[in-house]
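Whatever order the structure lists ligands and atoms in, that order sets their numbers, starting from 1. One-based numbering along the sequence shown.
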Amino acid sequence: MLAIINLVILVIMLKDPFGRSIDYVRLSVTDQCDLRCSYCLPKGFKDFQEPDEWLSFDEVERVIRVFSELGTRRIRLTGGEPLVRKGFEQLAARLAALPGINDLSLSTNATRLEKLAQPLKQAGISRINVSLDTLQAERYKSITSGKLDKTLAGLMAAKQAGFFPIKINMVVMKGVNEDEVEDMVRFCIEHDFTLRFIETMPMGDTGREAANHYVDLHEIQQQLAAKYEFIDSVMHGAGPARYVRIAGTELRIGFITPMSQHFCETCNRVRLSADGTLYMCLGQDHSYALRPLLRDGISDEELKQHIIKAIGLKPEKHEFRENPQQVVRFMSMTGG
Ligand code: SAM
């Protein structure tokens, strides 16, 4: 009887108010980052949360276990830069060992992957996405304040460790790196990486500033289609990219178009920030603070009920276009 009740509750629990199944959590383990990408964090920014504001590894594991009991199968570890959190590989191993979780992936800037790729593979991370907006060292420095060499070394270490697929995320910006789209295509063909182009989003003042460099990715698609033959394709993953494959190669290219063609009707995710706030939408403020509840000693059953209540707050869509001033959080605060 209990099993039947649980099953009925499960079916209800998995749906948001718009009938979308929520089975994917993007988990930010820190808001800190070792880079200052121009569209994400201001140069010199240091106003991060204090580490004691973050959920502990025990708390993270508990929340994710309860999510998995509510049907979540996929977790993406993100930040900030997740690899700056001390002991990250131990947390990854604990999450990978949870019975319900069958896809544990990572978004990283790769600056620390040279050392960590192998341990992370052993910990049970299955897939990696790497942010890489340019292949030019000077430009990389100007966009991120970091060193391209370190990121490329991390990327190659991930390949060496056997991660596949490795997806490169390139935020395309007019007057900044738009001229490198074809270089990036060749680079990804050469190394057998998947390439995803992303439109800038107006998150925080930095994101709004980047809107001055906004490129509608349909333009990029047309530019590439004039040179390469596209074949429609699909990729394993829970994300919003629409993929094509370039004929005669294994290269898949994804277009992530939150601005020019949003994909909210297929949204299947919520985001848990490092301080234990559940955000229902990247582009809206609907949120639910889990940390005080966890520290008040609520039971797992109560935690489940709170998560269900939180998912009931999920809005229909973001309003990046209609209301670009709305989101004051930088992407790194929510967990990108
Ligand atoms: N540090 C990790 C990384 O580099 O992938 C994870 C966090 S980062 C915030 C996640 C992704 O968000 C990156 O691919 C980054 O390029 C993207 N991002 C950050 N701010 C953005 C914005 N305003 N518009 C579009 N993409 C943004």
Side-chain angles (χ1 to χ4, degrees), residues 26-43 45 48 75-85 88 92 105-113 116 120 125 127-134 140 143-146 148 150-152 154-155 158 163 166-174 176-177 184 193-217 237 239-241 254-260 262-263 269 271-274 279 282-283 318 320-321 324-336:
R26 293 182 72 112
L27 168 65
S28 172
V29 298
T30 172
D31 62 330
Q32 291 184 3
C33 191
D34 53 347
L35 298 182
R36 296 289 180 275
C37 297
S38 54
Y39 45 77
C40 188
L41 283 176
K43 299 270 174 250
F45 181 85
F48 294 112
I75 304 292
R76 174 165 293 275
L77 296 157
T78 181
E81 172 47 41
L83 302 188
V84 306
R85 180 139 179 198
F88 175 81
S105 57
L106 169 71
S107 285
T108 175
N109 60 31
T111 58
R112 298 175 184 217
L113 264 188
L116 284 174
L120 290 176
I125 291 195
R127 297 181 296 120
I128 289 196
N129 290 3
V130 172
S131 299
L132 183 64
D133 299 327
T134 173
Y140 188 85
I143 298 174
T144 70
S145 304
L148 179 65
K150 259 170 98 179
T151 291
L152 291 183
L155 195 48
F163 283 103
I166 294 173
K167 295 178 184 165
I168 304 292
N169 286 336
M170 175 183 186
V171 178
V172 185
M173 292 166 282
K174 212 173 272 303
V176 177
N177 63 350
M184 202 62 93
F193 298 142
T194 296
L195 176 56
R196 289 142 39 108
F197 297 119
I198 304 178
E199 291 176 347
T200 56
M201 286 173 265
M203 295 204 59
D205 290 342
T206 42
R208 276 184 282 280
E209 170 68 28
N212 296 327
H213 303 279
Y214 169 73
V215 177
D216 178 333
L217 289 182
F255 296 88
I256 303 183
T257 55
M259 303 301 288
S260 63
H262 76 71
F263 30 81
R269 66 200 54 197
R271 291 175 156 85
L272 182 63
S273 69
Y279 286 97
L282 195 56
H318 66 66
F320 284 141
R321 285 191 86 105
Q325 299 305 322
Q326 184 175 342
V327 183
V328 294
R329 309 183 300 272
F330 302 124
M331 178 80 119
S332 68
M333 286 176 178
T334 319

Q) Got an N/O contact under 3.5 Å between S131 and ligand 1? A) yes
**Q.** Residue T200 vicinity, atoms of ligand 1 by number, heavy atom under 4.0 Å
**A.** 24 (N), 25 (C)
Q: Show which atoms of ligand 1 fall inside a sub-4.0 Å distance from at least one heavy-atom site of S107.
A: 2 (C), 5 (O), 6 (C)
Q. Which atoms of ligand 1 sit under 4.0 Å from any heavy atom of G207?
A. 23 (N)
Q.
Pairs of nitrogen or oxygen atoms closer than 3.5 Å, one from Y39 and one from ligand 1: do any exist?
A. yes
**Q.** Contact check, side chains of K167 and R127, non-hydrogen atoms, under 4.5 Å
**A.** yes
Q. If you measure from each heavy atom of G79 to ligand 1, is any distance below 4.0 Å?
A. yes
Q. Just by modelled atom types, is the M173 backbone N or O under 3.5 Å from a matching donor or acceptor in the H213 side chain?
A. no
Q) Under 3.5 Å, is there a donor-acceptor pair linking the side chains of T108 and E81? A) yes
Q.
Give me the atom names and distance for the closest heavy-atom approach of T200 to V172.
A. CG2-O, 4.3 Å
Q. Who's the nearest protein heavy-atom neighbour of atom 23 (N) of ligand 1, and how far?
A. M201 O, 2.9 Å
(Q) Assess the residue pair E199 and S260 against the criterion (side chain to side chain donor-acceptor pair (under 3.5 Å)); give the C-alpha distance rounded to whole Å, side-chain angles, the decisive distance to 0.1 Å, and a yes or no. (A) CA-CA 8 Å; E199 291 176 347; S260 63; 2.7 Å; yes
**Q.** Closest to atom 6 (C) of ligand 1 among T78, I128, T151, T206 (heavy-atom distance)
**A.** T78
Q: Nearest heavy atom to atom 25 (C) of ligand 1 wins, so pick from E209, M203, E199.
A: E199
(Q) Looking at R36 and F45, would you say the former's side chain and the latter's main chain have a donor-acceptor pair under 3.5 Å? (A) yes
Q) Between N177 (side chain) and D133 (backbone), is there a donor-acceptor pair under 3.5 Å? A) yes
Q) Considering only the protein, which heavy-atom contact is closest to atom 18 (N) of ligand 1, and what is its distance? A) M331 CE, 3.6 Å
Q. Can R76 and S105 be counted as having a side-chain donor-acceptor contact under 3.5 angstrom?
A. yes
Q. Can you find a protein heavy atom closer to atom 14 (O) of ligand 1 than 4.0 Å?
A. yes
Q: Mark up the atoms of ligand 1 that fall under 4.0 Å of a heavy atom belonging to T108, in ascending order.
A: 2 (C), 3 (C), 4 (O), 5 (O)
**Q.** Heteroatom proximity flag, E81 to ligand 1, N/O under 3.5 Å
**A.** yes
(Q) Any nitrogen or oxygen of V171, side chain or backbone, less than 3.5 Å from one on ligand 1? (A) no
Q) Do you know which of T151, D34, T144 makes side chain to side chain donor-acceptor pair (under 3.5 Å) with N109? A) D34
Q. When only distance counts, is G80 in polar contact with ligand 1, meaning an N/O pair under 3.5 Å?
A. yes
Q) Relative to the ring of H318, is the ring of H262 parallel (under 30°), tilted (30 to 60°) or perpendicular (over 60°)? A) perpendicular
